[in-house]
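Reading through the structure tokens given below for one structure.
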Amino acid sequence: MYDIREDPANATERQRTASVGDAPLRVRSACAPLTPIPAPVSATMGLWECDLLSHALAWSDGVYDLFGLPRGVKIDRREIAGRYTRQSRIDLELARLEAIRDCTGFMLDAQIEVSGGARWIRIVAQAEAVDGKAVRLFGSKHDVTFERALWAAQGRALDVKPCRGPSADTEPMRAPVVATTTR
């Protein structure tokens, strides 16, 4: 079997030729070597939830780190919303309202202001419903600043607007988390 980490120029003929069914696959020996990409200093991510009745937020340590806040400090949704850039705040609020209304989820890249500059985060959210009504939003937030910088360095725009599924070209996420009350 050909190991992709090996230099194709040094691979044996057996390693350069593999077969899938009856069709042989050839590995090009003139492949350009991959340029190593430095890893980000910290790959921060965390989990969060928002109770829709009280608007109380609960965060894991990773989300506090993303926002540059001391872990465990009391958080206020309005204050946190003020850390998003204007356009990101608008996009987030629209995606949030739709997810609550339809008991669905969303994915959104948003820019936040932290001490020392701006940071891009990818928010993945899902609504939890009780008796057909959304009662909680929950999900994850990931630091994608490094990823966006890589795209920008390659001259590619990365404009991730609110998405209701794996991509904007697919059906919205329509598998809400459902809980029913026991009476």
Side-chain angles (χ1 to χ4, degrees), residues 39-151 157-183:
V41 174
S42 90
T44 306
M45 66 86 55
L47 303 176
W48 62 273
E49 67 177 77
C50 178
D51 179 288
L52 297 176
L53 298 175
S54 67
H55 298 286
L57 295 174
W59 287 356
S60 70
D61 288 345
V63 180
Y64 283 99
D65 295 346
L66 280 170
F67 281 84
L69 295 172
R71 293 177 178 182
V73 71
K74 185 174 172 26
I75 46 178
D76 177 75
R77 185 176 174 276
R78 288 172 298 199
E79 181 183 318
I80 297 305
R83 291 178 172 259
Y84 288 84
T85 62
R86 183 177 184 279
Q87 188 59 53
S88 289
R89 191 169 45 253
I90 291 168
D91 292 343
L92 177 57
E93 196 58 29
L94 290 174
R96 182 180 183 277
L97 290 172
E98 185 175 319
I100 292 168
R101 182 192 68 212
D102 299 339
C103 295
T104 58
F106 64 89
M107 180 173 57
L108 168 75
D109 277 15
Q111 192 173 31
I112 59 173
E113 299 293 334
V114 294
S115 61
R119 172 176 286 148
W120 283 95
I121 59 174
R122 180 161 297 137
I123 304 165
V124 179
Q126 180 64 47
E128 177 182 1
V130 173
D131 295 332
K133 183 176 180 192
V135 295
R136 176 175 77 114
L137 284 178
F138 65 96
S140 62
K141 296 185 184 202
H142 306 259
D143 185 342
V144 294
T145 306
F146 185 74
E147 176 185 338
R148 293 184 68 97
L150 287 175
W151 283 100
L158 182 63
D159 189 19
V160 179
K161 290 292 185 190
C163 171
R164 293 354 175 238
S167 76
D169 300 325
T170 64
E171 278 294 308
M173 288 193 275
R174 295 288 178 198
V177 175
V178 178
T180 56
T181 55
T182 54
R183 297 178 196 224

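The figures that follow rest on heavy atoms only: side chains count, while hydrogens, waters and symmetry mates do not.
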query = Do the side chains of Leu69 and Arg83 get nearer than 4.5 Å, heavy atoms only?
reply = yes
query = How about Val63 and Leu57: do any of their side-chain heavy atoms sit closer than 4.5 Å?
reply =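 SC-SC contact between Val63 and Leu57 ruled out.
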To the nearest 0.5 angstrom, please state how far the [atom1] atom of [X] sits from the [atom2] atom of [Y].
X	Y	atom1	atom2	result
Glu128	Glu49	CD	CD	8.5 Å
Asp109	Glu147	CG	CD	7.0 Å
Ser60	Trp48	OG	CH2	11.5 Å
Trp59	Arg71	CH2	CZ	12.5 Å
Asp143	Met45	CG	CE	11.0 Å
Arg148	Gln111	CZ	CD	7.5 Å

ask   = Charged N to carboxylate O under 4.0 angstrom, Glu113 versus Arg86?
value =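 Looking at Arg86 together with Glu113, the answer is no, because their closest N to O distance does not fall below 4.0 Å.
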ask   = Should the pair Arg136-Asp51 be classified as a salt bridge under the 4.0 Å nitrogen-to-oxygen rule?
value = no
Mind listing the closest non-hydrogen atom pair of [X] and [Y] along with its distance?
X	Y	result
Phe138	Ala127	CE2-C, 4.4 Å
His55	Arg77	O-CB, 4.0 Å
Ala99	Phe106	CB-CD2, 3.8 Å
Cys103	Gly132	SG-O, 3.7 Å
Ser88	Leu108	O-CD2, 4.5 Å

ask   = After noting the C-alpha distance and the side-chain angles of Arg96 and Leu52, does the key distance pass the side-chain contact (heavy atoms from CB on, under 4.5 Å) rule?
value = CA-CA 11 Å; Arg96 182 180 183 277; Leu52 297 176; 3.6 Å; yes
request  = Would you confirm whether Arg89, through its side chain, and Tyr84, through its main-chain N or O, come within 3.5 Å as a donor-acceptor pair?
outcome  = yes
key: Test side chain to side chain contact (heavy atoms under 4.5 Å, CB included) applied to Leu66 and Asp61, Thr145, Thr44, Val114, the passing residue   = Thr44
